[in-house]
There are 2 protein chains.
Amino acid sequence: MRAARVVPIHPVSRAEPPARRAPRCSACAMRALCMPAELSADELTRLDAIICATRSVKRGDALYRAGDAFHSIYAVRAGSFKTVVMHREGREHVTGFQIAGEALGLDGVGTCQHNCDAIALEDSVVCIIPFAQLEAVCRELKPMQHHIYQMMSSEIVRESSQMMLLGTMTAEQRVATFLLNLSRRFKARGFSAAEFHLRMTREEIGCYLGMKLETVSRMFSKFQRERLVAANGKTIRILDHEGLARV
Amino acid sequence: MRAARVVPIHPVSRAEPPARRAPRCSACAMRALCMPAELSADELTRLDAIICATRSVKRGDALYRAGDAFHSIYAVRAGSFKTVVMHREGREHVTGFQIAGEALGLDGVGTCQHNCDAIALEDSVVCIIPFAQLEAVCRELKPMQHHIYQMMSSEIVRESSQMMLLGTMTAEQRVATFLLNLSRRFKARGFSAAEFHLRMTREEIGCYLGMKLETVSRMFSKFQRERLVAANGKTIRILDHEGLARV
DNA sequence: CGAAGGATTGACATTTGTCAACACCGGTGG
DNA sequence: CCACCGGTGTTGACAAATGTCAATCCTTCG
């Protein structure tokens with residue numbers, strides 16, 4: 001791994017580990033989400049061997065910050081996060097929200113430094129996956145190698161869609177797309193697709209969708225008037241899935 | 001590689017190869033751009049062995065289209081491309097422009113299908129890098145493995161910046177950022193940082209930056225009035241780099 | 001040389017942001 | 001228990017940025 005050439009913006013030494021011994025991947029309910037499906041029992045054991053710790057992150061705390069040295073990627077085990085990129089003088093943009101079963105930290109591979117802040121939206125737990133060891137395993141297990149490529153490629157595709165959203169959709173369409181996207185992801189993880197709890201504020205949603213919090217609020221109100229969703233603060237119920245998709 | 005489950009939107013069978021035998025990577029002037037720097041002569045030979053073809057693409061033609069089966073990634077050898085993602089009913093967004101020395105096609109790894117159209121902006125030539133063989137090499141050559149991860153991660157970071165641009169900047173700032181970004185990339189490839197030729201139309205720039213072509217045109221005019229750039233059609237000369245950065 | 005696409009500019013419309021007032025909600029301390 | 005507080009959310013009036021439409025000019029390419 002090459003040494004990073006960039007001067008860290010933030011102090012890099014953060015006492016990493018409020019870390020604990022992890023339960024085995026082989027016993028993890030979310031395995032299907034963060035591992036390739038076709039791993040043999042033997043191969044799974046190899047993975048268990050490198051994912052040896054979890055870490056708890058309190059609401060509002062950072063899992064990592066831009067400029068931190070990159071050593072590991074993370075799988076969200078419980079809770080949720082936002083990733084935030086900063087610019088000089090406080091320009092700030094939320095690039096994504098991650099819920100249980102989703103990956104964090106792939107942006108750091110290129111420069112050996114994390115490129116954004118990952119902030120917990122609620123008290124959360126992540127699995128720590130040391131990247132150097134993962135690379136080593138990938139050189140031996142083809143399905144695992146392919147899975148990492150897939151994860152990274154999927155992130156590229158996800159970001160393409162988000163660029164399309166930011167570049168071509170109206171505020172109304174963005175909010176509708178956001179709600180449907182969350183719904184789909186909750187459903188994929190066994191939660192209700194119709195009713196869920198937003199862990200993020202209107203401001204964070206706005207910052208993700210490229211609009212002001214007031215605009216987000218207005219769109220929620222509009223959808224309520226049109227009987228597309230019922231929103232009660234952070235609790236959202238989708239009443240008309242097709243209607244939302246048609247917006 | 002898993003079979004793709006998605007129904008292709010476009011006909012998938014395109015006669016791939018107006019392909020020709022490639023000159024050796026080891027003799028390529030752009031090697032530093034698309035290969036890890038620290039490859040030994042021996043390792044380079046391994047690469048030469050898999051990159052065995054180039055392909056010419058005429059202006060306006062597609063290198064690949066969304067839905068095409070994914071087999072290879074590409075390095076732009078000469079010319080330039082745009083990548084375009086589509087949505088139902090003609091919503092269209094340019095996700096990036098690629099010039100000589102840059103990579104194309106990494107979005108296809110995840111689903112085994114390309115996820116966007118790659119269209120040549122001028123008559124161009126690419127090196128074809130069969131991905132399955134590249135994966136195999138990466139399992140043996142650690143620097144090569146790491147280089148692929150770096151390329152994909154860099155693409156993720158690039159897209160994050162683009163999301164920030166689309167989500168938080170004014171039209172004026174976006175156009176300024178776009179010009180500076182192009183300038184930096186041309187410079188990195190040995191061309192003039194101050195004067196260059198835009199291969200894309202105002203409409204394509206607008207589609208990339210999330211605004212209408214008229215707005216792009218107005219911003220160019222504004223920069224000219226302010227003596228930040230001199231634009232003559234598609235020829236751009238940057239007069240005040242710092243001024244542009246301050247916008 | 002002429003047609004067609006691309007670029008520029010102006011007038012006007014629409015969307016979204018800004019600012020301000022106020023309601024709501026959960027938690028804390030009297 | 002209640003009052004109060006800060007953070008969050010909602011709504012309205014108005015302002016600013018950007019889009020839309022149309023006229024015109026310029027370039028390129030067959």
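All values below were derived from every heavy atom in this structure, side-chain atoms included, with hydrogens, water molecules and symmetry-related copies excluded. Remember, predicted model here, so these are calculated numbers, not experimental data. Each chain gets a letter, A, B and so on, in the order its sequence line appears, and its residues count up from 1.
- For the helix from C:dC1-D:dG30 to C:dG30-D:dC1, the end axes, each set by the C1' atoms of five terminal pairs, are bent relative to each other by 40° (nearest 10°).
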Next item on the list: Could you give me the CA-CA distance, side-chain angles and deciding distance for A:Ser80 and A:Gln98, then say whether side chain to side chain donor-acceptor pair (under 3.5 Å) is met?
Entry: CA-CA 5 Å; A:Ser80 50; A:Gln98 294 77 26; over 6 Å; no

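- Residues satisfying the side chain to side chain contact (heavy atoms under 4.5 Å, CB included) test with A:Ala230, not counting sequence neighbours, are A:Arg237, A:Leu239.
- Taking atom NZ of residue A:Lys212 and atom P of nucleotide D:dA17, one finds them 13 Å apart after rounding to whole Å.
- Taking the side chain to side chain contact (heavy atoms under 4.5 Å, CB included) definition, one finds that A:Gln173 meets it with A:Met169, A:Thr170, A:Val247, B:Arg91, sequence neighbours left out.
- Look at B:Thr170 and you won't find any side-chain N or O under 4.0 angstrom from OP1 or OP2 of D:dA17.
- Spacing between atom CE of A:Met219 and atom C1' of D:dT11 amounts to 13 Å, rounded to whole angstrom units.
- If you take CD of B:Glu204 and C1' of C:dG5, they are 12 Å apart, rounded to a whole angstrom.
- Going from atom CG of A:Leu209 over to atom P of C:dT15 covers 18 Å, rounded to whole Å.
- Ionic pairing of A:Glu102 and A:Arg185 is present here: one or more N-O contacts between side-chain nitrogen and carboxylate oxygen are shorter than 4.0 angstrom.
- For A:Arg218 and A:Glu214, the salt-bridge test fails: no basic side-chain N is under 4.0 Å from an acidic carboxylate O.
- Note: B:Tyr74 and B:Tyr64 have parallel aromatic rings, judged against thresholds of 30 and 60 degrees for the angle between ring planes.
- Looking at which nucleotide of DNA chain C each of A:Arg174 and B:Arg225 is closest to, the 5′-most match is held by B:Arg225.
- Between A:Arg59 and A:Asp123, none of the side-chain N atoms (NZ, or NE/NH1/NH2) sits under 4.0 Å from a carboxylate O, so this pair counts as no salt bridge.
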Write down the protein N/O and nucleotide N/O pairs, taken from nucleotides 6-8 of chain C, whose separation is under 3.5 Å; answer none if there are no such pairs.
unit_1	atom_1	unit_2	atom_2	d
C:dA7	OP2	B:Arg202	N	2.8
C:dT8	OP1	B:Arg202	NH2	3.3
C:dT8	OP2	B:Arg202	NE	2.8
C:dT8	OP2	B:Ser217	OG	2.8
C:dT8	O5'	B:Ser217	OG	3.1

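- At whole-Å resolution of the value, CG in A:Leu198 and C1' in D:dG9 are 13 Å apart.
- Atom P of nucleotide D:dT28 and atom CZ of B:Arg199 are separated by 12 Å, given to the nearest angstrom.
- In this structure B:Thr235 satisfies the side-chain hydrogen bond (donor to acceptor under 3.5 Å, both in side chains) test together with B:His197, sequence neighbours excluded.
- Phosphate proximity of C:dG17 to A:Thr215: present, with a side-chain N or O under 4.0 Å from OP1 or OP2.
- Regarding B:Met211, its CE atom lies at a distance of 13 Å from the P atom of D:dT20, rounded to whole Å.
- Rounded to whole Å, atom C1' of D:dG9 lies 11 Å from atom CD1 of A:Ile205.
- Shown here are the ring pair (Phe, Tyr, Trp, His ring centres under 6.0 Å) partners of B:Phe196, two or more places apart in sequence or in another chain: B:Phe186.
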